[in-house]
Amino acid sequence: MGREDTKDAIHRAHMALPDWRDKTTAAHRSGVLSKWSSLIKESAEDIAKIMTFESGKPLAESRGEVNYAASFLDFYSGEAIRTNSAGGGFISPSPFAKPDGAPRGKVMAIHEAVGISNNNFAGLITPWNFPIAMITRKVAPALAVGCTCVLKPSELTPLTAIALETLAKRAGVPEGVFELVTADRELTREVGDEMCGNSIIKKISFTGSTPVGKLLMKQSSDTVKRLSLELGGNASFIVFDDADLDVAVSAAMSSKFRNAGQTCVCSDRFLVHKSVEEEFVAKLVEKVGQLKIGHGLEDGVTMGPVISNVPVKNLSKKVEAAISEGATCVVGGSPLSNLGPNYFEPTILTNVDTKSLIWCTETFGPVVSVHTFDTEDEAVAMANASPVGLASYICTSDVSRIFRVSTALECGLVGVNEGIISSASAPFGGVKESGLGKEGSALGIKEYLNTKYVFLNC
């Protein structure tokens, strides 16, 4: 599907908007989202297998993602009927007075779906690493407030998106309300160009790399679209000298090796206090040795391949460069060609130079890069020495330090003694070059709303 198909999808969403926005109640939209969630849960095993075949992640992780995806529909089915959704708002005391000094009129603020007239719909672009959850995280709040939307999923995982669309129709999402545009790599650019340049679309929500996010910002500027951008990360993982190292290692494993290290919130830069580095690394090596690598549908597999052979080549280059600059490869460091072209060994590097490419850029693979520190201030300074700021993790037993360091870190999410912290009820989004806006929580629905001020002289 290319530019013309995208124009057609936008037209269908445009035509479907009045009935969805103006002729359904919030309660009705809530019920549709809830039904969609139920159908996803009923088909969880089939969806999980499709996801594993497409993305390579272990079946257990795919099952977990299906539940995670459904949780956004559940959450926003509830948010749809609350006062912070479309049709809600607030009344403020009037600052105006009658001649006798009594208040005059009413100051009202009314929440409406993004845009004006018949243009209240969104263009959504999602990645391959979470091929169902990133869709529902965007679509659920959009549909909850009365927007229609056009979705472009990753060209690498279209089948998961198609399965989701099928269930949406069965749940009662009307034709045109949730349009799907699939495209191969060659046509992806022109689909994105049309979504950003088309004046009918009033909102773009994108999850992906920072360079692509910057491009979409530029392309959307001519029509001044609302933007939500969840972009790249390069998360720091700080282990202080008072940390429970077993807890720290458990958090590190879940943060680093989930989906073979291919998440935007994966820990990349491990800052470990000098006094505990040797013990932490030894415990981490032991846990890494327990990973079972292979096809995601094989019993007991805990880490699958990366998405293609391109990241395998990039990881090899980064690891080799880091070693040439003085890093020590404690474990791994090479492709696993015996398993296939898309596999890379779980790798731990110590003494990594903070100027090396693997430290300064997002890894998106199963590589741990370790650097030591002496003081808290030093650790925070190194963690913040990045143009991006999505997630950070800290491991400590000191409650005062938890609040002090969490405040000082320049990022949108902080995990304390935990490696997986995302949920539908929590706001997700970064700072600096990691993006704009929030997804999830009550804040996520605001990304699809405008607030109109109305004064009643009465």
Side-chain angles (χ1 to χ4, degrees), residues 26-27 29-41 44 47 61-88 90 111 113 122 124 126-127 129-147 149 164 168 171 203 205 207 228-230 233 235 251 254-255 258-259 263-266 389-394 402-403 406-407 409 411-431 434-449:
R29 297 192 296 271
S30 173
V32 171
L33 293 179
S34 183
K35 177 62 175 177
W36 192 7
S37 173
S38 296
L39 292 176
I40 290 172
K41 293 169 186 174
I47 297 172
E61 289 190 17
S62 294
R63 288 170 178 151
E65 186 182 338
V66 173
N67 290 330
Y68 182 45
S71 74
F72 287 102
L73 296 171
D74 292 335
F75 185 85
Y76 286 109
S77 70
E79 289 296 298
I81 60 175
R82 295 197 172 99
T83 56
N84 63 318
S85 186
F90 56 89
H111 300 317
L124 314 176
T126 55
N129 58 339
F130 288 97
I132 183 171
M134 295 303 95
I135 295 176
T136 58
R137 191 161 78 178
K138 299 177 187 299
V139 173
L143 267 56
V145 302
C147 292
C149 55
L164 188 62
K203 162 82 179 183
S205 179
T207 296
S228 294
L229 302 175
E230 195 267 282
S254 57
S255 173
R258 180 175 57 137
N259 201 15
T263 84
C264 55
V265 292
C266 267
L390 185 53
S392 290
Y393 304 86
I394 60 175
I402 288 171
F403 285 96
S406 296
T407 300
L409 289 169
C411 60
L413 302 84
V414 179
V416 181
N417 298 321
E418 179 56 66
I420 299 178
I421 60 173
S422 301
S423 78
S425 59
F428 189 103
V431 299
S434 284
L436 305 168
K438 297 294 181 184
E439 293 185 321
S441 81
L443 297 179
I445 208 164
K446 291 183 178 180
E447 299 292 330
Y448 296 89
L449 293 170

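Position 1 is the first residue of the sequence, and the numbers go up from there.
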**Message:** Run the salt bridge (Lys or Arg N to Asp or Glu O under 4.0 Å) test against Glu230 and tell me which residues pass, sequence neighbours left out.
**Reply:** Arg137
**Message:** Cys149 vs Lys203, test: side chain to side chain contact (heavy atoms under 4.5 Å, CB included). Steps then yes/no.
**Reply:** CA-CA 9 Å; Cys149 55; Lys203 162 82 179 183; over 6 Å; no
Any side-chain heavy atom of [X] sitting closer than 4.5 Å to one from [Y]?
| X | Y | result |
| --- | --- | --- |
| Leu449 | Asn84 | no |
| Glu65 | Pro131 | yes |
| Val265 | Arg258 | yes |
| Ile135 | Leu124 | no |
| Val145 | Ile445 | yes |
| Ser422 | Tyr68 | yes |
| Ser205 | Tyr448 | yes |

Which atoms form the tightest heavy-atom contact between [X] and [Y], and what is the distance?
| X | Y | answer |
| --- | --- | --- |
| Ile394 | Ser406 | CD1-OG, 3.9 Å |
| Cys266 | Ala235 | O-CB, 3.2 Å |
| Phe428 | Cys264 | CZ-SG, 4.0 Å |
| Pro141 | Gly444 | CB-O, 4.1 Å |
| Ser441 | Ala426 | CB-C, 3.6 Å |
| Leu390 | Ser434 | N-OG, 3.2 Å |

[atom1]/[X] to [atom2]/[Y] distance, rounded to the nearest 0.5 angstrom?
| X | Y | atom1 | atom2 | result |
| --- | --- | --- | --- | --- |
| Leu436 | Leu229 | CG | CG | 5.0 Å |
| Ile40 | Phe72 | CD1 | CZ | 12.0 Å |
| Tyr76 | Arg29 | OH | CZ | 15.0 Å |
| Asn67 | Lys41 | CG | NZ | 7.5 Å |
| Thr136 | Leu164 | OG1 | CG | 7.0 Å |
| Trp36 | Ser77 | CH2 | OG | 12.0 Å |

Just by distance, do the side chain of [X] and the backbone of [Y] share a donor-acceptor pair under 3.5 Å?
| X | Y | answer |
| --- | --- | --- |
| Ser34 | Ser30 | no |
| Lys438 | Gly429 | yes |
| Ser85 | Arg82 | no |
| Thr263 | Asn259 | no |

**Request:** Report the C-alpha distance between Val66 and Ile47 in whole Å, list the side-chain angles of each, state the deciding distance to 0.1 Å, and finish with yes or no for side chain to side chain contact (heavy atoms under 4.5 Å, CB included).
**Result:** CA-CA 7 Å; Val66 173; Ile47 297 172; 3.8 Å; yes
**Residues Glu447 and Lys138 bridged, charged N to O under 4.0 Å** = no
**Message:** Quick test of your reading: applying salt bridge (charged side-chain N to carboxylate O under 4.0 Å, His left out), list the pairs with at least one residue in residues 415-428, sequence neighbours left out, ordered by first then second residue.
**Reply:** none
**Request:** Carefully, step by step, assess Cys411 and Ser392 under the rule side chain to side chain contact (heavy atoms under 4.5 Å, CB included).
**Result:** CA-CA 7 Å; Cys411 60; Ser392 290; 3.6 Å; yes
**Asked** Should we count NZ of Lys35 as having more than 12 external heavy atoms under 6.0 Å?
**Response** no
